[in-house]
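Nothing here was measured: the structure is a model prediction, and the numbers come from that model.
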Amino acid sequence: MSNYHIKHLEEYFQVYRKSVRNPEGFWEEIAEEHFLWRKKWDNVLSWNFSKPEVKWFENAKLNITENCIDRHLATRGDKTAILFEPNNPIEEAQHITYRELHQRVCKMANVLKGNGVKKGDRVCIYLPMIPELVVSLLACARIGAIHSVIFAGFSANAIASRINDSDCKIVLTSDGSFRGKKSIDLKGIVDVALDYCPGVKTVLVAKRTNAEIEMKAGRDKWLQPLLDNAYGDCVPEIMDAEDPLFILYTSGSTGKPKGMVHTCAGYMVYTAYTFKNIFQYKEDDVYWCTADIGWITGHSYIVYGPLANGATTVMFEGVPSYPDYGRFWEVVEKHKVTQFYTAPTAIRALAKENLEFVEKYDLSSLKVLGSVGEPINEEAWHWYNHNIGKNKNPIVDTWWQTETGGIMISPIPYVTPTTPTYATLPFIGIQPALMNESGEELIGNQVEGHLCIKFPWPSIARTIWGDHKRYRETYFLTYKDKYFTGDGALRDGVGYYRITGRVDDVIIVSGHNLGTAPIEDSINEHPAVAESAIVGFSHSVKGNALYGYVILKEVGESRDRDNLRREINQQITEHIGPIAKLDKIQFVSGLPKTRSGKIMRRILRKIASKDINNLGDISTLLNPEVVQEIIDNAL
């Protein structure tokens, strides 16, 4: 039996050494013993980071939904697969068993086929956190269609650009969504987007809010009647190991979002193996990741990783503050949650509230706590550890990315001793390297540099949809034969890793990666704006917030500044979504630039952070006088 479940530190080191000495042999053993294959691979791995090209389990045949659903039916058919907890606690939770999930996925798959969806077609999914979302992902995977989930908080513009980039032919959405006290008109947002998407011929609409919506004849169809009439079985499409499973868009530091492509076999093997170990999942556990499925965390650790292990996975529609700030803990008590995985933003927001919201609930079922989305700060770590974990449940501070598909650096609970703010040790098979500016690897401990990975792992994204050149330039050109993560990190005296933040123009706000360029482009489209620059500054709840420096054209100079700020944020909301709004907007007469015209964001970051005593030499700037003016008027 391979080491599928690591239980001791000594065992971790033993398995880790094996995984890096003989990666092909290690992953072959894991893949062979724990998954269902229609045909075995001819070759475990071929790779070349300079092309870049990575192929795992070459020529193997499988369907990921057989591994996530069908193979559990004989032994776990009546076990809850998806435990849906609605936005409003008055509404009853739904327990969807593996058998029911199988039938629902088959019906949805048949509905998609009935609407012309074939293997390789792209399907856009813009749904709230309701069961139809999980079902539609799995239905796409069952018939070999490629799902592209768009977080149901993005604007019509953001949806349209993603639909057109991957040429989706069909959209799944709902009449609306509930979020705390609010309801949001998702269908209306989709309708606006589709004015710019000539390729979409069909929209399937789920009912959630029962709002009055417009249905376009010949294009829009209610989903439920189609499901009611669909056949409850669907033969899974046999996929090649390297066939695309999904596209998921992530913000870049420049230009349009990048459609990261993940493939079937390697992604399945890695998400399942990381889930099992990093959450120490046991058969009767109830696991809850609070993320939205619109992000990679939801794909890997609400859907595919848990279901491949036959787990019970909680799907939560609501927000941590509704109906009050005790909601998370009420759900933990109600469903006897054993593993709880959330973001530092949520922890910081809850830590600001009265402890009564925690203390009135029984959290004794919890065994493992997790953190994801950005490095967790020390204060939040201690609050989480003390008040939620009662100083006995380990916190797994996980580092990974949309591009990596699964967790890369993390403690293993009850195995790795934890240190606040440290992601600790690389997961099995992961070979990190810290690089300096000259492209040399920093050997040994007590070093800090740019975080790279020097050997492929099974769930690495294979390309950017339709733009392999950009994939190569973004991740593989900076350091020869290495995947560059875009993050800085340090390695301490015992070899633990701590992520120090982005080294490019991506800012992590509330766990969301936001590229500065698309936000600046959006601001600059305002008729009163001449130029803008965005930087991040520290925020007690979000981790980082956005600070905008905006130069106005003459037409804007005489206008009401507060109104202008509102209009700029409204414009950002329309182009990208409310998650990208600026917390502070300072109007300036100029931006500090080098003589070649490059904006010195380093100086703007320091001003935004009120760290003005250490600006370095500004005499070489094209316009050094503007720096003092910006400081004098800083918000």
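Of the possible polar contacts, none joining the Asn513 side chain to the Ile507 backbone as a donor-acceptor pair under 3.5 Å is found. Judged by distance alone, the side chain of Thr398 and the main-chain N or O of Ser371 form a donor-acceptor pair under 3.5 Å. For Asp167 (side chain) and Ile163 (main-chain N/O), no donor-acceptor pair under 3.5 Å exists by modelled atom type. Remark: the backbone N or O of Gly406 is not paired with any side-chain donor or acceptor of Thr271 at under 3.5 angstrom. Listed for the Asp492 side chain is a donor-acceptor partner under 3.5 Å among the backbone atoms of Tyr496. With Arg470 contributing its side chain and Ile464 its backbone, the two residues share no donor-acceptor pair below 3.5 Å.
Counting only heavy atoms from C-beta outward, the side chains of Phe484 and Val503 approach each other to under 4.5 Å. Between Tyr341 and Val372, some side-chain heavy-atom pair lies under the 4.5 Å cut-off.
Glu473 is linked by a salt bridge (charged side-chain N to carboxylate O under 4.0 Å, His left out) to Lys469, counting only residues two or more places apart in sequence or in another chain. Scanning for side-chain contact (heavy atoms from CB on, under 4.5 Å) contacts around Asp42 gives Lys39, Asn59, with sequence neighbours left out.
Ring geometry for Tyr12 against Tyr16 counts as parallel: the plane angle stays under 30°, on a 0 to 90° scale with 60° as the upper cut. By the 30° and 60° cut-offs, the orientation of the rings of His34 relative to Tyr4 is parallel. By the 30° and 60° cut-offs, the orientation of the rings of Tyr301 relative to Phe275 is parallel. Aromatic ring orientation, His262 versus Phe246: tilted (interplanar angle from 30° to 60°).
Between Tyr270 and Trp400, a ring centre-to-centre spacing not shorter than 6.0 Å is recorded. Taking the ring centroids of Trp465 and Tyr249, they lie at or beyond the 6.0 Å cut-off. Centroid-to-centroid, the aromatic rings of Trp27 and Phe57 stay 6.0 Å apart or farther. Remark: aromatic rings of Trp457 and Phe455 are distant, center separation not under 6.0 Å. Aromatic ring centres of Tyr475 and Tyr483: separated by under 6.0 Å. Between Tyr547 and Tyr549, the gap from one ring centroid to the other is short of 6.0 Å.
In Lys55, the NZ atom is not crowded: 12 or fewer heavy atoms of neighbouring residues, nucleotides or ligands sit closer than 6.0 Å.
In summary, Asp481 and Lys454 do not engage in a salt bridge, as defined by a charged side-chain N under 4.0 Å from a carboxylate O. Between Arg462 and Glu242 there is a salt bridge, since at least one side-chain N of the basic residue sits less than 4.0 Å from a carboxylate O of the acidic one. With respect to Glu66 and Arg38, a salt bridge is recorded, a charged nitrogen being found less than 4.0 Å from a carboxylate O. Between Lys18 and Glu29, at least one side-chain nitrogen of the basic residue sits less than 4.0 Å from a carboxylate oxygen of the acidic one, meeting the salt-bridge criterion. For Lys40 and Glu32, the salt-bridge test passes: some basic side-chain N is under 4.0 Å from an acidic carboxylate O.
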* Could you walk me through whether Lys542 and Asp583 pass the salt bridge (Lys or Arg N to Asp or Glu O under 4.0 Å) check? -> CA-CA 11 Å; Lys542 299 176 185 177; Asp583 275 44; 2.8 Å; yes
* To do: Decide salt bridge (Lys or Arg N to Asp or Glu O under 4.0 Å) for Lys593 and Glu531; before the verdict, give the C-alpha distance in whole Å, the side-chain angles of both, and the deciding distance to 0.1 Å.
  => CA-CA 13 Å; Lys593 289 184 179 179; Glu531 193 179 4; 2.9 Å; yes
* Taking it one step at a time, do Tyr126 and Val149 satisfy side chain to side chain contact (heavy atoms under 4.5 Å, CB included)? -> CA-CA 6 Å; Tyr126 185 72; Val149 180; over 6 Å; no
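Here the closest non-hydrogen pair linking Ile238 and Lys61 is CG2-CB, 3.5 Å.
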Give the table of side-chain donor-acceptor pairs shorter than 3.5 Å for residues 290-300, with sequence neighbours excluded, one pair per line with atom names and distance.
residue : atom : partner : partner atom : Å
Thr290  : OG1  : Thr342  : OG1          : 2.8
Asp292  : OD1  : Gly294  : N            : 2.7
His299  : ND1  : Ile293  : O            : 2.9
His299  : ND1  : Trp295  : O            : 3.2
Ser300  : OG   : Tyr267  : OH           : 2.8
Ser300  : OG   : Gly405  : O            : 2.7

